[in-house]
Protein chains: 2
Amino acid sequence: MKVANVSQAPAVKLHVLKDACAQCSARELCLPLGLTDEELQRLDDLVGSRQKLKRGEHLYRYGDHFSAIYAIKVGFFKTDVITEDGRDHVTGFQMNGEILGMDGISGDSYTCNAIALEDSEVCVIPFADLEHLSTTVPTLQRHFHRVMSREIVRDHGIMMLLGTLRAEERLVAFLLNLSQRYAARGYSPTEFHLRATRDEIGSYLGLKLETVSRALSQLQDSGLILVQQKYIRITALDGLKKMLQHAQAC
Amino acid sequence: MKVANVSQAPAVKLHVLKDACAQCSARELCLPLGLTDEELQRLDDLVGSRQKLKRGEHLYRYGDHFSAIYAIKVGFFKTDVITEDGRDHVTGFQMNGEILGMDGISGDSYTCNAIALEDSEVCVIPFADLEHLSTTVPTLQRHFHRVMSREIVRDHGIMMLLGTLRAEERLVAFLLNLSQRYAARGYSPTEFHLRATRDEIGSYLGLKLETVSRALSQLQDSGLILVQQKYIRITALDGLKKMLQHAQAC
DNA sequence: CGCAGTTTTGATTCATCTCAATTTGTGTGG
DNA sequence: CCACACAAATTGAGATGAATCAAAACTGCG
């Protein structure tokens with residue numbers, strides 16, 4: 001069931017513009033980085049619509065026809081892939097200012113599911129338009145390439161994590177990554193709510209949910225963090241970082 | 001009438017053109033897919049040079065300034081990332097017709113090492129030129145985006161593998177992947193040489209080299225494959241595929 | 001031919017999974 | 001607003017798959 005809560009219409013453009021790219025709080029993290037006002041304006045025009053999603057709703061599903069990428073304005077998503085035999089694996093968590101849907105470019109259909117983990121809003125960026133516009137706005141083209149490349153680099157980091165770290169270390173890496181991303185958005189780097197369940201985190205980290213729970217308890221017992229369900233408070237950021245430095249060194 | 005008239009090309013170009021994109025055996029897999037002859041010619045001009053590497057040599061290293069991506073003409077590579085404390089992790093194996101270096105786009109320097117596992121040759125594609133050319137050749141732009149996207153999708157597959165499969169299943173997935181890629185290049189899908197050591201394969205799959213060796217032996221004992229050091233012969237392709245279907249189902 | 005690096009194989013240990021029971025939290029409807 | 005049902009999280013005990021440690025066999029190269 002695809003949600004089509006799409007704000008639309010040329011006639012309504014004016015008030016749409018009001019919270020469009022030019023003023024979006026995510027603009028430093030999203031596509032438009034470094035554009036001139038005029039270029040930004042053209043990007044505004046490009047972004048066809050906004051779309052709101054309630055918690056649990058799919059932004060797109062595996063196999064859906066690809067025609068757009070999405071910039072998250074507000075909210076939190078997960079992407080996962082599912083195999084024939086029903087196993088699934090979370091490939092990432094995305095937050096505001098990040099781009100979703102680039103997996104769909106290669107085969108004209110999405111290769112994973114994107115699901116909102118809280119009420120969210122995204123900008124719909126028709127991909128054909130983006131490609132077209134980027135032929136005349138070099139800055140945009142370059143930035144888009146960087147965004148895609150960053151996704152590749154990030155995935156390499158996760159592969160590394162999955163391939164070489166032990167359970168507790170994976171959790172630490174995960175928490176530090178969230179911390180850093182929240183910090184980049186002006187939120188507290190030491191205090192946040194996990195939007196994902198233990199099961200989803202486990203899937204992402206290649207662990208069972210019980211192992212995630214145990215690892216969190218261990219970190220709490222070590223005095224590094226404070227856990228209250230989904231609420232996390234990092235009480236020793238340096239301590240966490242040290243855990244990754246010395247990982248496996250011993 | 002595939003190749004642009006050679007007699008029109010500048011004198012120096014002649015010998016370069018001979019093994020350039022227009023006639024490269026990798027052209028279907030590389031960037032130029034679907035270009036017109038004239039566009040292909042312009043891509044030929046774009047590819048600044050070829051570069052040969054002996055086994056064990058680095059194509060680029062972590063931290064090197066990024067200015068080009070590379071199309072593998074012949075050979076076999078691995079990419080790996082290394083952490084401060086010395087652990088390393090193989091993030092991929094690349095063969096002819098595939099692109100290396102896209103990890104460098106995001107930060108203007110490469111984020112991993114690319115190392116030839118056999119004597120190899122690559123085409124150097126200056127990235128600024130590629131971006132520039134792709135503004136006037138939409139087919140090229142689109143194809144490049146597909147190539148990057150495919151890399152992302154592939155990485156998701158590996159994350160899935162690392163997160164959900166057991167040792168033997170990972171090996172099977174790895175062998176099937178190689179098989180399929182060799183098949184796509186017109187080589188035998190059931191008979192090939194591993195270019196990587198057990199240690200490198202293990203790093204890629206998140207396993208220790210002993211485990212890789214054991215898993216290979218097990219698969220051989222099951223009559224699915226034949227192993228002689230680096231030489232692999234798949235004797236029951238369907239059997240291997242079934243192993244992945246039923247993975248974890250039981 | 002011999003040496004170094006690679007691979008195979010075995011015995012043991014250890015981390016994570018699995019199974020299971022309990023607690024805590026959340027949302028719904030009376 | 002409370003009670004109930006259901007989902008999520010914690011914790012424990014035992015099973016298991018992969019890591020580790022160790023030794024032997026094989027390969028290729030000088």
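Quantities reported herein were computed from a predicted structural model and do not represent experimental measurements. Protein chains get the first letters and strands the later ones, always in sequence-line order, with residue 1 at the start of each.
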Exercise for the section: Please determine if a side-chain N or O atom of B/Ser213 lies less than 4.0 Å away from the OP1 or OP2 oxygen of C/dT9. Expected result: no

Exercise for the section: Remember a base hit wins even if backbone is also touched, and classify A/Gly206 as base, sugar-phosphate or nothing at under 4.0 Å, heavy atoms. Expected result: sugar-phosphate

Exercise for the section: Take the protein atom NZ of B/Lys208 and the nucleotide atom P of C/dT12, then report the distance between them rounded to whole Å. Expected result: 22 Å

Exercise for the section: Determine the minimum heavy-atom distance between A/Thr235 and A/Ile225, stating which atoms define it. Expected result: OG1-N, 3.5 Å

Problem - With A/Phe174, the side chain to side chain contact (heavy atoms under 4.5 Å, CB included) member among A/Leu165, A/Ile158, A/Ile201 - result: A/Ile201

Exercise for the section: Start with the C-alpha distance between B/Tyr204 and B/Phe93, add both sets of side-chain angles, then the distance that settles ring pair (Phe, Tyr, Trp, His ring centres under 6.0 Å), and finish with yes or no. Expected result: CA-CA 9 Å; B/Tyr204 179 62; B/Phe93 297 107; 5.1 Å; yes

Practice task
Looking only at side-chain atoms of A/Lys230, point me to the closest of D/dT20, C/dT7, D/dA9.
Solution key: D/dA9

Practice task
Would you classify B/Glu210 as touching base, sugar-phosphate or nothing, given that sugar-phosphate means primed atoms plus P, OP1 and OP2, and contacts are heavy atoms under 4.0 Å?
Solution key: base

Handout entry: d(CD, A/Glu169; C1', C/dT16) in whole Å
Key = 14 Å

Handout entry: Separation of D/dA15 P from B/Arg166 CZ (nearest whole Å)
Key = 19 Å

Problem - Any B/Thr211 side-chain N or O less than 4.0 Å from OP1/OP2 of D/dA18 - result: no

Completion exercise
B/Glu168 CD to D/dA19 P, in whole Å, measures 14 Å

Handout entry: Short side-chain N/O contact from A/Ser217 to OP1 or OP2 of D/dT11, under 4.0 Å
Key = yes

Exercise for the section: Classify the side chain of B/Arg214 and the base of D/dG17 as holding, or not holding, a donor-acceptor pair under 3.5 Å. Expected result: no

Handout entry: Residue whose nearest DNA chain C nucleotide is more 5′ - A/Gln229 or B/Gln229
Key = B/Gln229

Fill in the blank from the handout: Taken to the nearest whole Å, CG/B/Leu209 to P/C/dT6 is 10 Å

Exercise for the section: Report yes or no: is there a donor-acceptor pair, N or O only, under 3.5 Å between the side chain of B/Arg198 and the base of C/dG5? Expected result: no

Practice task
Classify the nucleic acid contact of A/Arg55 as base, sugar-phosphate or nothing, counting any heavy atom under 4.0 Å across all strands shown.
Solution key: sugar-phosphate

Handout entry: Spacing of A/Gln228 atom CD relative to D/dA8 atom C1', expressed in whole Å
Key = 16 Å

Problem - Rounded distance in Å - CG (A/Asp199) to P (D/dT10) - result: 13 Å

Problem - Nearest-Å distance for atom pair CD/C1', residues A/Glu200 and D/dA9 - result: 13 Å

Practice task
Find the distance between CZ (B/Arg150) and CD (B/Glu98) and round it off to the nearest 0.5 Å.
Solution key: 8.5 Å

Exercise for the section: Scan B/Leu207 against the nucleic acid and name what it touches under 4.0 Å (heavy atoms): base, sugar-phosphate only, or nothing. Expected result: sugar-phosphate

Practice task
Taking atom types as modelled, find out whether B/Tyr182 and B/Asn177 have a side-chain donor-acceptor pair closer than 3.5 angstrom.
Solution key: no

